[in-house]
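Okay, so here's the structure we're looking at.
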Amino acid sequence: MVVTAASFVYNGVTAGRAAPPRGLRYVQAADIRTRFQTWGTAGPPVVLVHGAFESVDTWSHLAPLLARDHRVYALDLTGDGYSERHGPYTVRHSTRQLLGFLDAMHLGGPGERPLLVGHSSGAAVVAEAALRAPGRLGGVMLLDGDALDTGAGPPPAFTYVLIDPYRTSLLRLGLGIDAVIRGVYRAQCGPACPRLDAAGLDQWRRPLRVPGAEEALWSMLAAGVPGLPADRVARLAGVRLPKSVVFGADDDVFSRQTPQETARRIGAPPATLIPGARHLTMISSPEAVAAAVDRLTAASAAASR
């Protein structure tokens with residue numbers, strides 16, 4: 001009773017929500033008010049699609065490198081970042097948002113077919129987009145993601161054990177401890193990644209403190225990491241698009257066999273493994289990822305001739 005009462009009091013004291021940063025750009029993508037960012041003014045278009053609990057800001061190391069030779073676009077999928085929280089938080093709904101974003105950016109027509117780069121669970125979104133609208137795309141890269149619905153996520157008992165008010169208290173306590181955020185980031189990113197300063201901590205913390213974020217988080221956690229059935233992912237092998245699979249060589253989110261298995265499954269060339277990199281390759285190894293995107297761009301240009 002004491003713990004429950006304390007939890008209610010703490011939740012009340014911390015009920016204030018954070019505001020999104022100033023100066024963000026938004027566009028209507030299908031049924032979702034979508035935050036986005038662009039880099040570069042010339043070259044083939046590239047659209048970056050983040051993974052779970054990430055945002056446009058996750059690409060801040062990679063996008064400027066790509067912008068030297070590409071027009072680069074990135075969006076916050078619903079449920080993450082600063083886009084409108086609008087469930088269901090499924091691959092199907094996120095793909096609808098992504099294709100709506102291509103419409104809003106006037107991408108997908110002749111000469112404007114973008115490469116899609118999907119990180120982690122975002123790999124499933126770009127895979128589904130390629131299956132639905134291959135004629136609108138120039139190529140697809142699965143970055144640190146196999147696009148599969150593996151059932152990954154918290155155990156089923158999670159939704160019964162972590163109920164309110166306790167789950168809200170635990171989330172807010174965890175978000176308030178810098179060492180917790182830095183520890184998760186370091187484990188996923190590895191020693192090559194820059195240390196999180198105050199701005200970096202805010203980048204990962206604030207999206208989980210805006211209005212509607214907690215409710216979306218519980219919904220996403222209950223559903224597990226979004227993905228596609230293996231037989232649907234395998235249909236990509238029959239889609240005539242240039243494809244690429246890129247993983248950190250030390251990514252412990254997946255097995256050692258996953259990168260090459262994924263490449264075979266979707267009909268891509270052998271996977272590119274980035275030495276010393278873990279799960280956040282776009283932060284730890286942006287030059288290597290940019291080089292892989294350039295190779296896919298060249299393959300796309302050759303295929304269109």
Side-chain angles (χ1 to χ4, degrees), residues 46-52 54 58-59 61-62 65-66 91 95 114-132 134 137-153 187-193 224-303:
V46 176
V47 177
L48 306 174
V49 182
H50 64 76
E54 299 172 7
T58 312
W59 304 105
H61 298 270
L62 174 64
L65 299 181
L66 294 176
V91 171
T95 303
L115 299 180
L116 300 185
V117 179
H119 180 254
S120 194
S121 63
V125 178
V126 303
E128 180 65 16
L131 291 171
R132 290 195 201 180
L137 307 180
V140 175
M141 176 183 288
L142 307 190
L143 178 63
D144 304 315
D146 61 5
L148 295 179
D149 177 8
T150 59
Q188 294 295 303
C189 208
C193 288
V225 177
L228 298 171
D231 60 346
R232 183 152 183 81
V233 176
R235 293 183 189 180
L236 273 180
V239 175
R240 298 186 63 183
L241 277 177
K243 308 167 196 110
S244 177
V245 174
V246 180
F247 272 76
D250 297 329
D251 188 341
D252 60 5
V253 175
F254 298 92
S255 73
R256 292 284 184 178
Q257 294 74 39
T258 295
Q260 302 305 342
E261 288 175 350
T262 300
R264 287 192 293 270
R265 182 178 292 113
I266 70 172
T272 297
L273 299 180
I274 301 176
R278 296 186 189 174
H279 191 58
L280 297 176
T281 52
M282 66 289 216
I283 300 175
S284 68
S285 311
E287 295 87 357
V289 177
V293 172
D294 287 340
R295 291 192 293 272
L296 185 59
T297 299
S300 179

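Hydrogens, waters and symmetry mates play no part in the numbers below; they use all other heavy atoms, side chains included.
Of all heavy-atom pairs between Ala130 and Leu241, the closest is CB-CD1, 4.1 Å. Of all heavy-atom pairs between Val91 and Gly227, the closest is CG2-N, 3.6 Å. Here the closest non-hydrogen pair linking Pro259 and Ala271 is O-CB, 3.5 Å. Heavy-atom minimum distance, Ala237 versus Gly267: CB-N, 4.0 Å. The two atoms that bring Ser284 and Ala192 nearest to each other are O-CB, 4.1 Å, heavy atoms only. Shown here for Pro275 and Ala249, the closest heavy-atom pair between the two residues is CA-CB, 4.1 Å.
Tested against Val117, the residues Leu66, Val49, Leu143, Leu142 include a single side-chain contact (heavy atoms from CB on, under 4.5 Å) partner, Leu143. Among the candidates Leu273, Asp146, Thr272, Thr262, the single residue satisfying the side-chain contact (heavy atoms from CB on, under 4.5 Å) test with Val245 is Thr262.
Note that CG of Leu228 and CG of Leu236 are 8.5 Å apart. Values are rounded to the nearest 0.5 Å. In this structure, CE on Met282 lies 4.0 Å from NE2 on His119, to the nearest 0.5 angstrom. Note: Ser244 OG to Leu115 CG = 9.5 Å, rounded to the nearest 0.5 Å.
No side-chain heavy atom of Leu280 sits less than 4.5 Å from a side-chain heavy atom of Asp144. In this structure, the side chains of Leu148 and Val233 come closer than 4.5 Å at one or more pairs of heavy atoms. Side chains of Arg278 and Pro191 form a contact here, defined as non-hydrogen atoms less than 4.5 Å apart. Side chains of Leu137 and Pro114 form a contact here, defined as non-hydrogen atoms less than 4.5 Å apart.
In this structure, the side-chain hydrogen bond (donor to acceptor under 3.5 Å, both in side chains) partners of Thr258, at least two apart in sequence or on a different chain, are Ser255. Glu128 is linked by a salt bridge (Lys or Arg N to Asp or Glu O under 4.0 Å) to Arg132, Arg232, counting only residues two or more places apart in sequence or in another chain. Residues that satisfy the ring pair (Phe, Tyr, Trp, His ring centres under 6.0 Å) test with His50, not counting sequence neighbours, are absent from this structure. Arg265 is linked by a salt bridge (Lys or Arg N to Asp or Glu O under 4.0 Å) to nothing, counting only residues two or more places apart in sequence or in another chain. With sequence neighbours left out, Ser120 forms a side-chain hydrogen bond (donor to acceptor under 3.5 Å, both in side chains) with His279.
Arg256 and Asp251 are not joined by a salt bridge, as no carboxylate oxygen comes within less than 4.0 angstrom of a charged side-chain nitrogen.
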Sequence neighbours left out, cut at 3.5 Å: what donor-acceptor pairs do the side chains of residues 285-299 make with other protein atoms?
{"residue": "Thr297", "atom": "OG1", "partner": "His70", "partner atom": "NE2", "Å": "3.0"}
{"residue": "Thr297", "atom": "OG1", "partner": "Val293", "partner atom": "O", "Å": "2.9"}

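In this structure, Ser121 contributes its side chain and Val225 its backbone to no donor-acceptor pair below 3.5 Å.
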